[in-house]
Amino acid sequence: MPELGAFRFLYLNAYSFLLLFLSVFSFSVRLYRISFLFLFLQIPAGIICLYYSVKLFATWNDKKRKYAVLMAKNQHEFREETFEVFMQAPCGRLLVKTVLKDLKMPQKYRDLVKFKKGFRESVKSNNTPQKTIVYINKDYL
């Protein structure tokens with residue numbers, strides 16, 4: 001796996017840090033002085049932001065793996081279909097920008113914007129029920 005430095009860690013986890021700062025801000029603001037009822041909004045909001053921040057930080061190894069795969073697939077020629085999945089989420093678009101910069105093709109990002117779904121379309125597609133089937137090959141157990 002490639003060694004991504006500290007700056008890349010900060011850049012690729014920008015949304016994780018944003019949620020972390022929102023969580024800290026939510027916990028540190030003393031809205032209970034205005035009304036005690038604000039605690040019922042403030043504490044769940046902080047916990048939710050902290051939960052998703054930790055969840056996004058936990059994907060760091062997966063991001064490094066996907067970075068390596070994208071670099072390998074696009075090393076010799078630009079294949080835009082390999083980036084299609086990553087253009088659906090903001091974190092994935094950061095990964096795409098990083099890979100394209102390292103491949104010295106940052107101008108190709110404009111070609112990939114066509115894969116980006118609008119907010120409504122992405123919410124509709126993510127709310128459809130999906131069936132997951134797991135096959136276990138008994139030969140390898």
Side-chain angles (χ1 to χ4, degrees), residues 1-138 140-141:
M1 274 189 237
E3 191 60 40
L4 299 175
F7 178 74
R8 289 288 167 82
F9 178 79
L10 293 173
Y11 180 72
L12 291 175
N13 288 309
Y15 294 104
S16 305
F17 283 111
L18 177 68
L19 286 171
L20 181 65
F21 292 138
L22 280 174
S23 175
V24 170
F25 179 75
S26 175
F27 287 132
S28 64
V29 174
R30 298 178 181 172
L31 292 177
Y32 65 87
R33 290 186 177 179
I34 298 170
S35 173
F36 185 72
L37 296 175
F38 278 121
L39 279 177
F40 294 112
L41 296 174
Q42 189 174 356
I43 291 173
I47 290 172
I48 289 170
C49 288
L50 184 62
Y51 171 76
Y52 283 108
S53 173
V54 169
K55 198 172 177 180
L56 285 175
F57 276 123
T59 63
W60 176 242
N61 288 331
D62 190 44
K63 287 178 187 175
K64 289 194 297 187
R65 198 174 319 109
K66 289 176 181 175
Y67 173 86
V69 168
L70 284 174
M71 287 293 287
K73 285 185 176 181
N74 293 285
Q75 194 73 35
H76 302 292
E77 65 175 329
F78 179 69
R79 296 172 42 199
E80 65 181 28
E81 72 277 355
T82 59
F83 294 100
E84 183 176 357
V85 174
F86 301 101
M87 291 299 290
Q88 307 309 318
C91 295
R93 288 191 287 273
L94 290 178
L95 182 65
V96 167
K97 286 181 181 180
T98 302
V99 169
L100 290 175
K101 183 179 179 190
D102 290 348
L103 290 172
K104 296 178 179 39
M105 295 186 247
Q107 70 280 4
K108 296 283 187 181
Y109 184 78
R110 284 187 230 135
D111 299 336
L112 299 173
V113 173
K114 65 183 176 189
F115 294 125
K116 180 181 170 186
K117 291 182 181 177
F119 179 73
R120 282 186 171 180
E121 189 178 337
S122 66
V123 169
K124 283 181 183 178
S125 67
N126 288 334
N127 285 333
T128 57
Q130 296 179 355
K131 184 177 179 181
T132 304
I133 300 172
V134 177
Y135 295 102
I136 300 174
N137 191 346
K138 297 191 190 258
Y140 294 107
L141 292 179

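Numbers here are sequence positions counted from 1. Just so it is clear, the values below take in all heavy atoms, side chains as well, and ignore hydrogens, waters and symmetry mates.
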note = Value for CE (Met105) from CG (Asp111), rounded to nearest 0.5 Å, stands at 11.0 Å
query = To the nearest 0.5 Å, how far apart are CG in Leu95 and CG in Leu70?
reply = 5.5 Å
inquiry  = Can you pull out every salt bridge (charged side-chain N to carboxylate O under 4.0 Å, His left out) where at least one residue sits in residues 10-32? Sequence neighbours excluded, please.
reply    = none
Side chain to side chain donor-acceptor pair (under 3.5 Å) against [X], all qualifying residues, sequence neighbours excluded:
{"X": "Asp102", "value": "Arg8, Tyr67"}
{"X": "Thr59", "value": "none"}
{"X": "Glu81", "value": "Arg79"}

inquiry  = Restricting to non-hydrogen atoms, name the atom on Lys104 and the atom on Gln107 that form the minimum distance, rounded to 0.1 Å.
reply    = O-OE1, 4.4 Å
key: Contact summary for Ser26 and Gly46, nearest pair of heavy atoms   = OG-N, 3.4 Å
note = Taken in chain and number order and not counting sequence neighbours, the residues that satisfy ring pair (Phe, Tyr, Trp, His ring centres under 6.0 Å) with Phe78 are Phe83
ask   = side-chain contact (heavy atoms from CB on, under 4.5 Å) between Phe57 and Val54: does it pass, once the steps are laid out?
value = CA-CA 5 Å; Phe57 276 123; Val54 169; 5.5 Å; no
Chi angles and distances behind the side-chain contact (heavy atoms from CB on, under 4.5 Å) call for Ile47, Phe27 = CA-CA 9 Å; Ile47 290 172; Phe27 287 132; 3.9 Å; yes
Lys66: salt bridge (charged side-chain N to carboxylate O under 4.0 Å, His left out) partners, not counting sequence neighbours = Asp62
request  = Mind checking salt bridge (charged side-chain N to carboxylate O under 4.0 Å, His left out) for Lys114 and listing every partner two or more places apart, or none if nothing turns up?
outcome  = Glu80
ask   = Got a sec, which residues hit side chain to side chain contact (heavy atoms under 4.5 Å, CB included) with Tyr109, two or more places apart in sequence or on another chain?
value = Met87, Arg93, Val96, Lys97, Leu100, Val113
message = Run the side-chain contact (heavy atoms from CB on, under 4.5 Å) test on Asn61 and Lys64 for me, step by step, so that the C-alpha distance in whole Å, both residues' side-chain angles and the decisive distance to 0.1 Å come before the verdict.
response = CA-CA 5 Å; Asn61 288 331; Lys64 289 194 297 187; 3.5 Å; yes
inquiry  = In the structure I gave you, are the side-chain heavy atoms of Val99 and Phe86 within less than 4.5 Å of one another anywhere?
reply    = no
request  = Any pair with a residue in residues 35-58 that passes side chain to side chain donor-acceptor pair (under 3.5 Å), sequence neighbours left out, goes on the list, sorted by first then second residue, please.
outcome  = none
Residues 10-22 side chain polar contacts: donor-acceptor under 3.5 Å, at least two apart:
{"from": "Asn13", "atom 1": "OD1", "to": "Lys63", "atom 2": "NZ", "distance (Å)": "2.9"}
{"from": "Asn13", "atom 1": "ND2", "to": "Phe9", "atom 2": "O", "distance (Å)": "3.1"}

